[in-house]
Amino acid sequence: MRYWLLKSEPDSYSIDHLWAEPGRTTFWDGVRNYQARNFIRDDMKKGHLAFFYHSGAPAPAIAGIVEITRDAYADPSAFEPGSKYFDSKSDPDNPTWFVVDVKAKKKFSEPITLAELRDVKGLDGMELLKRGSRLSVQPVSERHWKVINELRG
DNA sequence: GCCAACGTTGGC
DNA sequence: GCCAACGTTGGC
């Protein structure tokens with residue numbers, strides 16, 4: 001089992017949006033950073049779990065938990081000329097960008113705010129808490145995963 | 001709205 | 001291959 005953290009700005013796509021999807025499932029499109037792309041393409045597998053993190057919000061926070069329900073495949077938004085994620089350099093026969101499918105598993109009644117996380121012992125070294133961390137797809141260690149889950153019983 | 005951190009681009 | 005310029009992210 002591996003664990004992840006996925007960032008999204010709730011104004012554009014929140015955990016409530018995901019919850020309202022058919023099957024509470026969508027594909028995680030729009031990742032346009034190579035390090036994040038590599039995690040999605042190479043390391044994320046069906047059955048893995050991920051935190052759904054709200055960035056750019058008044059109180060940035062982990063909002064819930066999602067499950068990866070499909071291994072990586074080409075990001076369709078890269079091939080749609082009208083999409084803000086369109087990338088003319090991404091070749092359908094050799095795609096540059098990838099998505100996985102995610103399904104909402106849990107929504108925290110009280111989101112775990114970044115401020116709260118910063119006060120938790122045992123999260124030393126967590127990518128999210130590092131100065132200048134901007135990666136929108138990050139691995140989470142099993143230890144950190146457990147510590148964070150225990151915050152909400 | 002500010003600004004630090006970071007990634008990408010492009011001239012050389 | 002270096003690095004300045006530029007654009008974006010994201011907390012505050």
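Naming: A, B, ... by sequence-line order, numbering from 1 per chain. Quantities reported herein were computed from a predicted structural model and do not represent experimental measurements.
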Atom OH of A:Tyr85 and atom P of C:dT9 are separated, to the nearest Å, by 9 Å
Rounded to whole Å, NZ of A:Lys84 lies from P of C:dT8 at a distance of 11 Å
message = What I want to find out is whether A:Asp101 reaches A:Lys46 closely enough, with some N-O distance under 4.0 Å, to be called a salt bridge.
response = no
Out of C:dG11, B:dG7, B:dT8, minimum distance to the side chain of A:Tyr34 belongs to B:dT8
Would you say the side chains of A:Arg41 and A:Thr96 form a donor-acceptor pair under 3.5 Å?
no
- Determine: side-chain N/O of A:Tyr53 to OP1/OP2 of C:dG11, distance under 4.0 Å, yes or no. yes
In terms of heavy-atom contacts, A:Ser90 and A:Phe79 come closest through O-CE2, 3.3 Å
**Side-chain N or O of A:Arg134 closer than 4.0 Å to phosphate OP1/OP2 of B:dT8** = no
Taken to the nearest whole Å, CG/A:Asn38 to C1'/B:dG7 is 14 Å
When rounded to whole Å, the CG to P distance for the pair A:Leu114 and C:dG10 reads 12 Å
Looking at C:dT9, I'd like to know if its phosphate oxygens (OP1 or OP2) sit under 4.0 Å from a side-chain N or O belonging to A:Lys7. no
All heavy atoms of A:Asn33 vs all of A:Trp97, minimum pair found to be N-CZ3, 3.7 Å
A:Leu128 CG to C:dG11 C1', in whole Å, measures 11 Å
Rounded to whole Å, CG of A:Asp87 lies from C1' of B:dT9 at a distance of 14 Å
